[in-house]
Amino acid sequence: MPKDFLRLKTLLQRGLAATAALWPTVQLGYRWGHRANDILTNAAEDDETTVKQRLGGLLGAMTRYRAKAGTLAPALAHFHKITQSYWPGLFPCYSVPALPRTNNDLE
């Protein structure tokens, strides 16, 4: 293997080893973020009540298991706070057929 590739491999191995303890937390945050996206995307076209219940359940799980989020716990608390502040306006799009999910859908 060429010298430059060996050096790159060594650097990557060191970086992965140095950050290994962070990965479980990152994976958990990634799963929760994608779950929130899946709920709000609502591919199954569930009604407003069902989407609210699912997102509320996810927020509850995030709160219950916040300790497992380690250094991401403050970010989860912020996500929960912001989601709650937007709560009243998040769901009408699931009841009104022509209403876009976000302002971005209008662009």
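Residue numbers count from 1 along this sequence. Note that this is a predicted model, so its numbers are computed, not measured.
Residues Asp46 and Tyr94 come closest through the heavy atom pair O-CB, 4.3 Å. Considering every non-hydrogen atom in both Trp87 and Lys52, the closest pair reads CH2-O, 3.7 Å. Scanning both residues, Trp23 and Leu16, for their nearest heavy atoms gives NE1-CD2, 4.4 Å. Of all heavy-atom pairs between Ala77 and Arg66, the closest is CB-NH1, 3.6 Å.
Distance check, rounded to the nearest 0.5 Å: CG of Asp47 to CZ of Phe91 gives 11.5 Å. Atom NE2 of His78 and atom NZ of Lys81 lie 7.5 Å apart (nearest 0.5 Å). One distance of note links OG1 of Thr83 with CG of Leu90; it measures 7.0 Å at 0.5 Å rounding. Annotation: the span from Leu22 atom CG to Gln27 atom CD amounts to 11.0 Å, rounded to 0.5 Å.
Defined by atom type and a distance below 3.5 Å, a donor-acceptor pair is missing between the side-chain atoms of Asp38 and Thr41.
Connection of Phe79 to Tyr86 is established within a shared hydrophobic cluster, with ILVMFWY side chains joined at heavy-atom distances below 4.5 Å, either directly or through further cluster members. Residues Leu59 and Leu72 fall into different hydrophobic clusters, defined by Ile, Leu, Val, Met, Phe, Trp and Tyr side chains chained together at heavy-atom separations under 4.5 Å. Linking Ile, Leu, Val, Met, Phe, Trp and Tyr residues whenever their side-chain heavy atoms come within less than 4.5 Å places Tyr65 and Leu55 in a single cluster. Hydrophobic clustering, with ILVMFWY side chains joined whenever heavy atoms are under 4.5 angstrom apart, groups Ile82 together with Leu76.
Across Arg35, Gln53, His80, a single residue satisfies side-chain contact (heavy atoms from CB on, under 4.5 Å) together with Leu58, and that is Arg35.
Under a cut-off of 6.0 angstrom, the local environment of CD in Glu45 is sparse, with at most 12 non-hydrogen atoms contributed by other residues, nucleotides or ligands.
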